[in-house]
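Side chains are part of it too, since the values below use all heavy atoms of this structure and drop only hydrogens, waters and symmetry mates.
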Amino acid sequence: MSTHFHHINAATARAWLNDQREIALLDVREAGEFGEGHPFFAIPAPYSRLEIDVPRLVPHRATRIVLIDSGDGTAERAASRLFTQGYSQLHVVKGGTHAWAASGFTLFKGVNLPSKTFGELVEHAFDTPRITAQELQARQHAGRPLVLVDGRTLAEHQKMTIPGASSLPNGELVRHWRAQVSDDFTPIIVHCAGRTRSIIGAEILRSIGIRNPVFALENGTQGWALAGLQLEHGSTRKATAASTAHHEDNAAAERLARSTGAQHLNVQQAQAWVDDASRTTFVLDIRSAEEIAAGTLQGATHAPGGQLLQATDQTIGVRNARVLLLDDEGVRAPVIAAWLWRLGHETATVEGGIHAALQLPSQASQPMERHATRIAPELLADWVASHGPRLLDMQSSTQYRKQHAAASQWTIRPWLHREAPPDDKPLLLIASDADIAELAAVDLHEAGNKHIAWAHIDDWIAAGLPTQTTPDQPSDKNSIDYLFFVHDRHEGNLDAARRYLEWETGLIAQCAPDELSVFRLSNTAHLEHATESA
């Protein structure tokens with residue numbers, strides 16, 4: 001047995017998830033493998049990015065970590081890498097996901113499982129008012145007053161949206177909703193690409209007790225396309241921004257937070273959370289990217305509130321950790337805290353928000369030892385000619401298909417131990433950035449390869465070196481970094497859209513009681529108000 005980690009069986013790992021202690025269940029397979037089937041509470045931490053992502057997802061080095069793979073040895077290699085990063089409580093599920101399934105535990109397709117399942121539960125718990133694509137279009141054609149907002153990110157909005165919608169991410173709704181309406185009667189309709197952010201956005205507004213009728217667009221842009229309606233592409237519309245938070249919204253946000261278990265801490269109490277060496281505390285600034293650029297609390301992590309609720313597993317990698325949320329006006333943080341608490345997280349806001357005199361630990365990660373030298377574009381052609389290197393392409397599989405260095409072999413870090421045996425021949429890695437190249441070089445160097453260099457594909461092109469396009473290579477089977485699950489659902493593939501929506505609505509039925517018990521909805525106070533029927 002390695003001194004770096006211990007093997008455990010799947011039943012032990014499942015029991016640990018329910019023992020109320022902190023735990024990080026990290027799935028170290030690549031994105032495509034993860035999305036095809038993983039444990040409900042697994043956090044995606046692909047081995048190709050391991051040392052980049054894990055320090056952010058699991059900041060406390062003494063956290064109990066359980067690693068899972070497909071039983072192919074990647075988790076053991078990941079344990080060794082994390083040990084060198086200072087992590088001390090490392091465990092590997094023996095047999096990986098195959099053993100998990102063999103133990104009678106469900107492997108879930110898709111991503112952001114806790115948040116997606118939560119959205120479905122919220123719709124059931126609060127009977128979220130909804131409007132169909134056909135009903136919305138009829139209202140628009142009749143010229144009836146309404147406000148249509150897209151609760152996703154601006155980038156997603158620009159890709160495709162419902163005609164007439166303006167971008168207003170869910171985390172910003174409580175700050176800016178009043179600037180969109182001039183009366184208490186105009187309906188507000190929230191949409192996303194599918195279901196979750198439509199439902200959560202609508203319920204965020206309902207939960208602060210606004211008088212305007214609020215609806216979720218049923219099935220979002222996918223429902224619109226399935227109804228045979230045309231989506232809009234390239235929209236740059238942003239919802240009107242309020243200059244200040246309204247005092248009524250401050251009061252409503254405080255009431256909502258108090259109706260849940262979300263706490264409000266003074267600076268001393270918050271600092272005690274941060275300083276508690278026995279616990280993990282995530283300190284998150286939930287404001288917009290523009291506000292973050294203008295200044296934040298040093299050491300805080302940027303996590304826009306709407307996206308935080310949509311994809312908690314991309315920010316909060318430790319189950320049963322604590323979460324401190326910061327804003328600068330006392331409206332957004334209490335609302336997101338209340339909803340994050342309902343999602344099952346121990347959550348608090350801090351008096352003073354980003355202006356609180358908190359002392360946070362540095363986010364600086366451990367510097368990586370450099371084993372690969374970048375070859376400058378102006379030197380690359382001569383270097384290749386004189387060294388005759390073996391070319392390993394570490395770009396994404398989709399980018400490799402579009403364009404790659406001629407005669408290069410596509411590979412990915414989990415495969416290097418078998419695809420790049422020690423050789424005196426120099427290796428040239430084609431990579432998207434220095435960190436990805438260096439992580440691969442760490443493994444290659446340890447395996448005995450001593451002559452490793454790297455270049456960006458743009459360097460290769462700038463050097464005038466030949467490229468190739470291979471639309472079918474690597475094969476779909478080998479493109480383990482890409483999730484083909486309901487591929488092209490946003491590109492007009494209506495069958496994929498149907499499958500995706502069926503997947504979302506079927507999540508609750510797949511869950512075991514211990515997976516659903518984390519959510520806090522049955523006894524949660526909710527501010528009821530009258531809404532206009534659709």
Side-chain angles (χ1 to χ4, degrees), residues 1-7 26-33 45-55 65 67-87 90 92 94 96 365-375 380 383-384 386-397 400 404-405 407-457 460 473-474 477-481:
M1 178 179 291
S2 169
T3 58
H4 299 164
F5 66 89
H6 298 280
H7 277 115
L26 304 182
D27 191 323
V28 297
R29 298 172 302 156
E30 301 304 307
E33 301 168 301
Y47 184 64
S48 60
R49 297 180 49 87
L50 189 79
E51 296 94 323
I52 301 170
D53 291 344
V54 173
I65 293 177
L67 304 170
I68 192 167
D69 61 6
S70 58
D72 63 353
T74 303
E76 284 82 356
R77 289 191 294 277
S80 295
R81 294 287 172 241
L82 292 179
F83 181 78
T84 66
Q85 295 285 305
Y87 291 93
L90 297 164
V92 171
K94 191 171 184 178
S365 58
Q366 231 173 296
M368 286 188 285
E369 185 179 354
R370 297 291 168 181
H371 296 295
T373 301
R374 184 173 186 175
I375 308 300
L380 188 56
W383 188 91
V384 170
S386 62
H387 288 78
R390 180 181 177 190
L391 302 178
L392 296 179
D393 196 306
M394 309 293 296
Q395 298 182 97
S396 70
S397 57
Y400 182 91
H404 60 267
S408 67
Q409 172 190 352
W410 185 78
T411 190
I412 194 165
R413 191 186 184 194
W415 294 353
L416 290 176
H417 68 286
R418 69 169 189 259
E419 293 197 348
D423 194 333
D424 289 336
K425 190 173 186 178
L427 291 172
L428 180 65
L429 308 179
I430 308 296
S432 56
D433 61 59
D435 286 342
I436 294 297
E438 192 52 52
L439 292 182
V442 167
D443 287 14
L444 291 167
H445 184 269
E446 187 174 278
N449 294 280
K450 304 305 180 185
H451 307 291
I452 308 167
W454 81 278
H456 195 280
I457 187 63
W460 185 270
Q473 292 297 324
K477 179 182 178 181
N478 286 337
S479 298
I480 61 173
D481 63 329

**Q.** Residues which pass side chain to side chain contact (heavy atoms under 4.5 Å, CB included) with A437, listed by chain and number, not counting sequence neighbours
**A.** A431, W454
**Q.** T74 vs L67 side-chain heavy atoms within contact, under 4.5 Å
**A.** no
Q: May I ask you to decide if the ring planes of W415 and W410 are parallel, tilted or perpendicular, using 30° and 60° as cut-offs?
A: perpendicular
Q. Where do A441 and H371 come nearest, in terms of heavy atoms and distance?
A. CB-CB, 3.9 Å
Q) If you take all heavy atoms of P474 and N478, which pair is closest and at what distance? A) CB-CB, 4.3 Å
Q.
Rounded at 0.5 Å granularity, tell me how far CG in N449 sits from CG in L392.
A. 8.5 Å
Q) With side chains defined as the heavy atoms from C-beta onward, is the minimum distance between M394 and L439 less than 4.5 Å? A) no
Q.
Show me the pairs that pass ring pair (Phe, Tyr, Trp, His ring centres under 6.0 Å) and involve residues 418-442, at least two apart or across chains.
A. none
**Q.** Check: H451 and L427 side chains under 4.5 Å, non-hydrogen atoms
**A.** no
Q: Look at R390 together with E419 and state whether they make a salt bridge at an N to O cut-off of under 4.0 Å.
A: no
Q | Contacts of type salt bridge (charged side-chain N to carboxylate O under 4.0 Å, His left out), residue D27, not counting sequence neighbours | A | R29
Q. With side chains defined as the heavy atoms from C-beta onward, is the minimum distance between D69 and Y47 less than 4.5 Å?
A. no
Q. Does a side-chain heavy-atom distance below 4.5 Å link E30 with R413?
A. no
Q) Out of curiosity, D424 CG to K450 NZ, how far, rounded to the nearest 0.5 Å? A) 10.5 Å
Q: Using the test side chain to side chain contact (heavy atoms under 4.5 Å, CB included), find all partners of A453 that sit at least two apart in sequence or belong to another chain.
A: I375, W383, L428
Q | Test item: I452 and L429 side chains (from C-beta on) under 4.5 Å apart, heavy atoms | A | yes
Q: Test S397 against D481 for side-chain hydrogen bond (donor to acceptor under 3.5 Å, both in side chains), laying out the working first.
A: CA-CA 7 Å; S397 57; D481 63 329; 2.6 Å; yes
Q | Test side-chain hydrogen bond (donor to acceptor under 3.5 Å, both in side chains) applied to H4 and E76, step by step | A | CA-CA 9 Å; H4 299 164; E76 284 82 356; over 6 Å; no
Q) So how far is it from I480 CD1 to S48 OG, rounded to the nearest 0.5 Å? A) 8.0 Å
Q. Can you tell which of R77, H417, R81 makes a side-chain hydrogen bond (donor to acceptor under 3.5 Å, both in side chains) with E446?
A. R81
Q: Mind listing the closest non-hydrogen atom pair of V92 and A79 along with its distance?
A: CG2-CB, 4.3 Å
Q) With sequence neighbours left out, what residues match D53 under side-chain hydrogen bond (donor to acceptor under 3.5 Å, both in side chains)? A) R49
Q.
Can you list everything that forms a side chain to side chain contact (heavy atoms under 4.5 Å, CB included) with S408? Sequence neighbours excluded, please.
A. L391, D393, Y400, H404, A405
Q. How far apart are the closest heavy atoms of A45 and L26, and which atoms are they?
A. CB-CB, 4.2 Å
Q: Taking all non-hydrogen atoms of both residues into account, name the closest pair between I430 and W460 and its distance.
A: CD1-CE3, 4.1 Å
Q. Would you say F5 and I65 make side-chain contact, with heavy atoms under 4.5 Å?
A. no
Q.
Set out, in order, the CA-CA distance, both residues' side-chain angles and the distance that settles side-chain contact (heavy atoms from CB on, under 4.5 Å) for I457 and Q395, then state yes or no.
A. CA-CA 8 Å; I457 187 63; Q395 298 182 97; 3.4 Å; yes
